[in-house]
Amino acid sequence: MDTVTLKLQGMSCAACANNIEAAIRSVPGVEVGHVNFGAEQATVHYDPRRTSPETIQQAIEVAGYAACLLQEQEPITGETDAEQAAQQAESRKLKRRLLFGGVVTTILIMGGLPMMTGLPLPWIPMWLHHPVFQLVLTTPIQFWSGESFYTGAWKAFKRHTATMDTLVALGTSAAFFYSLFPTFFAEFFLHQGLSPDVYYEISAVVITLILLGRLLENRARKQTSEAIRKLIGLQAKTARVIRNGQEIDIPIAEVKLGEIILVRPGEKIPVDGEIVEGASTIDEAMVTGESVPVKKQPGDEVIGATINKTGSFKFRATRVGKDTFLAQIVKLVQQAQGSKAPIQKLADQVTGWFVPVVIAIAIFTFVLWFNLMGNVTMALITTIGVLIIACPCALGLATPTSIMVGTGKGAENGILIKGAESLELAHKIQTIVLDKTGTITQGKPTVTDFISVNGTADRNELKLLRLAASLERYSEHPLAEAVVQYAQSQLLGDDSDALLIDASQFEAIAGSGVQGYVSDRWVQIGTHRWMNELHIDTTSLQQSWERLEYLGKTVIWIAIDGKIEAIMGIADAVKSSSVSAIRALQKLGLEVVMLTGDNQRTANVIAREVGIQRVFAEVRPNQKAATVENLQSEGKIVGMVGDGINDAPALAQADVGMAIGTGTDVAIAASDITLISGDLQGIVTAIQLSRATMRNIRQNLFFAFIYNVAGIPIAAGILYPVFGWLLSPIVAGAAMAFSSVSVVTNALRLRRFKPVGVR
Ligand SMILES: Nc1ncnc2c1ncn2[C@@H]1O[C@H](COP(=O)(O)OP(=O)(O)OP(=O)(O)O)[C@@H](O)[C@H]1O
Ligand SMILES: [Cu+]
Ligand SMILES: [Mg+2]
């Protein structure tokens with residue numbers, strides 16, 4: 001299954017988005033197709049053996065829209081030049097038509113002033129109000145400025161659907177073509193005792209207003225993708241590479257894999273790589289959120305777009321173009337912005353049947369006023385009013401614009417959200433499950449105690465340590481690393497023989513420990529529970545064991561040939577941010593739970609330290625997901641935060657899985673949200689952001705709905721018999737133009753979101 005993201009053009013409202021979705025889904029081999037109206041993007045999952053991006057593109061074009069592949073092979077530049085040029089041409093065209101419409105409409109309105117106000121305005125010549133002159137002025141507005149409504153309506157008609165364009169085209173055409181009769185057959189009207197009124201200016205004003213709304217909306221919508229531009233702006237423009245022994249400056253797009261790049265103090269690092277010469281301190285706040293610069297030396301990894309502080313160094317490019325860390329982030333954010341939030345489904349369904357229903361209401365309105373009241377003017381004005389006000393365009397914008405701003409804002413705050421769905425779900429989280437090691441604690445365990453059965457000052461101790469470390473170096477577990485490091489520091493002074501020995505038949509028993517042969521000795525290292533399972537007597541070190549665990553240390557047992565020889569106490573400090581972040585989560589009303597493979601006693605001590613009441617300890621890696629599932633079956637929406645490989649299934653099981661950015665790739669892949677820095681404060685921010693975004697979406701939906709729901713009956717003249725109130729089509733046009741603008745503007749308010757720190 002492949003995924004492709006397409007940039008779309010030619011959509012005028014959410015109904016168009018529905019049409020494109022239908023077109024994409026009708027292509028054989030396409031599994032899922034989402035269109036995001038706000039981002040003007042389509043995300044398509046398809047089977048590459050059965051179809052291709054080109055076929056999908058064609059299907060979209062047949063439906064009457066344009067699509068191009070989101071340029072990915074290019075090193076991130078945001079929008080491609082062609083795309084930008086197309087957009088600019090589009091907006092120039094819109095502006096020209098709007099300008100013309102504006103000027104001509106003003107003349108038309110001036111002509112109508114004496115009539116409308118009843119004042120003698122001698123400076124306005126009478127012929128300005130002449131129907132034929134009005135016709136001459138309105139015709140280009142109707143068919144040139146308003147051309148897009150006709151083409152849009154026609155495209156939709158061919159597909160047996162209707163969009164916003166259909167409504168506008170119908171409404172304004174009704175006004176325009178009706179007016180032709182009184183213009184040329186005024187006698188006929190007079191004979192019938194009717195006044196030969198024309199409604200050209202209604203059409204002109206409505207078209208102009210809607211075009212104005214569209215222009216304002218486009219402008220505002222550009223700002224919703226500001227975050228991506230900011231991210232892209234982080235990268236360096238050029239790189240100083242060494243080619244044929246010469247230093248040359250080239251655009252970063254041209255840097256090739258494996259090239260040697262020179263970085264001087266104060267410069268941005270152009271791409272990702274590994275230092276080969278020199279040393280420096282680097283400000284990696286962008287990646288880790290850690291404001292203290294980190295020391296780097298040959299062999300260390302550097303990340304593009306981070307800032308070199310003090311020294312100068314050479315590094316080899318290991319990831320360039322679309323593979324760099326920053327490019328990956330940009331891609332993630334782009335995809336998230338283009339994805340669809342579940343809350344949008346409602347709006348989509350509504351817009352699906354909205355337009356036909358509105359046309360039905362309009363016809364009904366006309367028949368009612370014309371037949372029952374015998375009033376052509378009222379019948380016409382109400383019908384046009386209904387057609388214009390009913391446009392569901394604001395409805396289509398309500399969710400995607402907020403999602404775009406919200407996900408972008410997340411990225412700015414170091415929170416990468418993979419899809420709109422997780423952003424929506426996060427505000428519902430009731431229980432948050434935190435992994436202990438590496439999530440609450442720093443995940444940098446160090447051996448603090450080494451107690452052997454025979455006591456200290458035993459020459460045997462070093463031998464034991466060598467056996468243990470020789471086995472542990474085959475394990476990828478953080479505890480194993482701590483053991484190896486400790487052993488190396490202790491064995492340094494010992495020159496008896498080679499530091500570590502080879503092991504054979506190494507085996508890791510997940511959640512328990514490791515075992516294997518080291519120089520013909522059978523070595524087993526792991527938990528107390530495991531030792532019990534192996535029927536190994538542990539009484540000799542019982543007291544030390546309990547004492548260490550009460551101190552919050554993880555104790556591992558070392559058994560040689562089935563006999564306990566020593567224990568190790570391993571400490572892993574709690575992250576400085578954990579306590580305050582956990583308190584903040586509890587303040588938000590969430591239940592915080594700890595989940596760990598470590599033993600109950602140690603877990604309890606750490607839990608108390610950070611203020612967590614509910615602890616699940618000694619949970620085997622394969623049971624972590626089940627624990628999350630149990631919590632879910634209590635009826636809770638569960639968020640899970642973890643960093644390790646053993647957390648991945650639980651992250652996937654949780655309603656919202658959040659990975660610590662400094663954790664393993666597996667965990668990041670299995671999660672919905674990545675907290676780029678290791679800071680737990682990020683969870684709080686993510687939940688706050690989700691709440692703010694959902695509040696914003698609800699406001700938008702309310703604005704959009706209320707305007708349609710209240711507007712249609714008023715436009716149909718429901719209040720007229722009682723209050724004499726009628727919604728003029730001109731007001732309807734203005735209302736519809738500005739409803740979209742107000743929705744986008746409201747979404748932009750989200751840009752002011754600031755995480756409320758509880759540090
Ligand atoms: N390589 C190893 N060497 C020694 N002990 C180990 C090893 N691997 C696992 N263990 C023991 O098994 C226990 C459980 O391990 P597991 O990986 O499930 O959880 P953890 O990493 O300790 O905690 P968390 O679930 O919070 O990440 C460890 O606390 C340790 O006592
Ligand atoms: Cu509209
Ligand atoms: Mg772990």
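These figures come from a predicted structure and were not determined experimentally. When reading the values below, keep in mind they use all heavy atoms of this one structure, side chains included, and skip hydrogens, waters and symmetry mates. Just so you know, ligand 1 is whichever comes first in the structure, and atom 1 is the first atom listed for that ligand. Starting from 1, each residue takes its place in the sequence as its number.
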With a cut-off of 4.0 Å, which atoms of ligand 1 are near a heavy atom of P621? 18 (O)
Side-chain donor-acceptor contact under 3.5 Å, Q600 with E618: no
Heavy atom under 4.0 Å from ligand 1: found in V514's side chain, backbone, both, or neither? side chain
By number and element, which atoms of ligand 1 are closer than 4.0 Å to a non-hydrogen atom of K436? 26 (O)
One finds that the ligand 1 atoms under 4.0 Å from a non-hydrogen atom of T596 are 23 (O), 24 (P), 25 (O), 26 (O)
Considering only NZ, NE, NH1 and NH2 on the basic side and carboxylate oxygens on the acidic side, decide whether D672 and K418 come within less than 4.0 Å. no
What atoms in ligand 1 come closer than 4.0 Å to a heavy atom of D435? 24 (P), 25 (O), 26 (O), 27 (O)
Atoms in ligand 1 with a heavy atom of K624 nearer than 4.0 Å: 24 (P), 25 (O), 27 (O)
Ligand 1 contact by R620, heavy-atom criterion under 4.0 angstrom: no
Check this for me - ligand 1, G597, N or O atoms closer than 3.5 angstrom, yes or no? yes
Are a donor atom and an acceptor atom from the side chains of N413 and T685 found within less than 3.5 Å of each other? no
Exam field: side chain S422 to backbone I673, donor-acceptor pair closer than 3.5 Å: no
Quick check against the 3.5 Å criterion: does Q653 have a side-chain atom that pairs as donor or acceptor with the backbone of V628? no
With a 4.0 Å heavy-atom cut-off (strictly under), which part of E472 contacts ligand 1: side chain, backbone, both or neither? side chain
Looking just at side-chain N and O atoms, do T318 and D272 make a donor-acceptor pair shorter than 3.5 Å? no
Output all residues satisfying side chain to side chain contact (heavy atoms under 4.5 Å, CB included) with A573, sequence neighbours left out; order by chain, then residue number. Q442
For ligand 1, which atoms, with element, lie under 4.0 Å from some heavy atom of S475? 1 (N)
Near T527, which atoms of ligand 1 are under 4.0 Å from a heavy atom of that residue? 11 (C), 12 (O), 13 (C), 30 (C), 31 (O)
For ligand 1, which atoms, with element, lie under 4.0 Å from some heavy atom of L479? 28 (C), 29 (O), 30 (C)
Using the side chain to side chain donor-acceptor pair (under 3.5 Å) criterion, which residues pair with Q586? Sequence neighbours excluded. none
Can you tell which part of H477 has a heavy atom less than 4.0 Å from ligand 1: side chain, backbone, both or neither? side chain
Under a 4.0 Å heavy-atom limit, does D598 contact ligand 1 with its side chain, its backbone, both, or neither? both
Mind checking whether I556 contacts ligand 1 via backbone (N, CA, C, O), side chain (CB onward), both or neither, at a 4.0 Å heavy-atom cut-off? side chain
Checking side chain to side chain contact (heavy atoms under 4.5 Å, CB included) for the pair E274/D300: CA distance, chi angles, key distance, verdict? CA-CA 6 Å; E274 194 187 298; D300 286 346; over 6 Å; no
Give the ring-plane orientation class for W557 versus H528, where under 30° counts as parallel, over 60° as perpendicular and anything between as tilted. tilted
Residue part near ligand 1, for S512, under 4.0 Å between non-hydrogen atoms: backbone
